[in-house]
Amino acid sequence: MAGSVMVPSVSIGLALSVLIFFALSLKTLEARGTFGRLAGQPPQRTAAGGICASSVHIFGYKCEEHDVVTQDGYILNMQRIPEGRAGAVAGDGGKRQPVLIQHGILVDGMSWLLNPADQNLPLILADQGFDVWMGNTRGTRFSRRHKYLNPSQRAFWNWTWDELVSYDLPAMFDHIHGLTGQKIHYLGHSLGTLIGFASFSEKGLVDQVRSAAMLSPVAYLSHMTTVIGDIAAKTFLAEATSILGWPEFNPKSGLVGDFIKAICLKAGIDCYDLVSVITGKNCCLNASTIDLFLANEPQSTSTKNMIHLAQTVRDKELRKYNYGSSDRNIKHYGQAIPPAYNISAIPHELPLFFSYGGLDSLADVKDVEFLLDQFKYHDIDKMNVQFVKDYAHADFIMGVTAKDVVYNQVATFFKRQA
């Protein structure tokens, strides 16, 4: 029920029962490797030495690794690609406009760099004259650091995307703005759009943002059609993993990964095509890119974050994390129901670009259309909307046609905001 602040004990019990059943049913899946990759395949390129070394320098581009400390102590890794491969001087008085590219849920910045150089968004933008930055949110492989905590402690994972809004994005924006002295173009995909919408709605970064491009925009998830996500959200499986003591939600290893594969078995899904199962039937991915993706992703997040996303699916509202009772919510927020994020409060003069796909199982067309309706009072000349009929969720970050279909349009949009 929308606005509910209680977690139904029946649903929790169901989740625990299902989870235990799945845990006892894993032997049938052992023939497959993690996330469906067949055992024995040759190793793929990974980012063990850092994203710059593994995925940018190899294409002949300059790249810098940066560390940023959030106000709550997390140490986030960022990459900067300061110029294109040719090193040409851009306009704007020789100063390249900065762009921050923010990844989605359960991946990191390398997810933008899995194709050849001329198909990777960060490198395309660098070649078109932008100063490109990539963020990696807390919990991902190069942002598993903290001033006082370590990932083995429960407290390290005590956060949701609320904290990405309140701490991670502001730290990244402040770092980029401090070094460049310029307003920043923001580009998000999936969860990267959600935290952008939430942040801009609370006016926290509007003085530093020049424009925003949102690919596969996610804010409302009531029509999500991905089977795994729908089952997990509606049976409170994230809450179940929390109760069983898994503060880190790591799909690659342990019971969480086995559990996801068991959902595939239970639902009659081929886990070998898990990318399509989760994201929709992507039109334009090649096999080598998918193998490289599966060698590097998914990344960890907090179980609490997954609970928050499940709440968004179930409650059909965009609110801060629900602590499960009126008393706990009052303690955290001063009110019984968590505060809502008001998307329509985003400044009407902020230039926005939306691109969404007709086959996306996560950013469903109906949900995106409802999201766009929140901008009905936005300045019409500041709104740019692109619908790509045959695109699903992953096509926007790994599609071999994305340069021509989406990325060139994004670059043109950013250049118009100079």
Mark yes or no for whether [X], through its side chain, and [Y], through its backbone, hold a donor-acceptor pair below 3.5 Å.
X: N120; Y: N115; value: yes
X: R319; Y: P338; value: yes
X: Q386; Y: V405; value: yes

Should the pair [X]-[Y] be classified as a salt bridge under the 4.0 Å nitrogen-to-oxygen rule?
X: K403; Y: D118; value: no
X: D127; Y: R85; value: no
X: R144; Y: E248; value: yes

Ring centres under 6.0 Å, that's the criterion: do [X] and [Y] meet it?
X: Y341; Y: W161; answer: yes
X: F396; Y: Y356; answer: no
X: F375; Y: F354; answer: yes
X: Y167; Y: Y74; answer: no
X: H175; Y: H66; answer: yes

Salt bridge (charged side-chain N to carboxylate O under 4.0 Å, His left out) involving [X] - partner list, sequence neighbours excluded:
X: K203; answer: none
X: K183; answer: none
X: E369; answer: none

How about S300 and W157: do any of their side-chain heavy atoms sit closer than 4.5 Å?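 Side-chain contact under 4.5 Å: yes.
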Can you pull out every salt bridge (charged side-chain N to carboxylate O under 4.0 Å, His left out) where at least one residue sits in residues 159-178? Sequence neighbours excluded, please.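 Residue pairs with at least one partner in residues 159-178: R138-D168.
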Y61: what forms a ring pair (Phe, Tyr, Trp, His ring centres under 6.0 Å) with it, not counting sequence neighbours?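 Residues passing ring pair (Phe, Tyr, Trp, His ring centres under 6.0 Å) with Y61: none at all.
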Output all residues satisfying ring pair (Phe, Tyr, Trp, His ring centres under 6.0 Å) with Y407, sequence neighbours left out; order by chain, then residue number.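 With neighbours one apart ignored, the set is empty.
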To check you understand the geometry: which heavy-atom pair defines the closest contact between S355 and P217, and what is its length?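 It is O-CD, 3.4 Å.
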Please give me the minimum heavy-atom distance between L113 and V56, naming the atom from each residue.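 So the minimum-distance heavy-atom pair works out to CD1-CG2, 3.8 Å.
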Could you grab the distance from atom OH of Y186 to atom CD of Q102, nearest 0.5 Å is fine?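 These two atoms lie 5.0 Å from each other.
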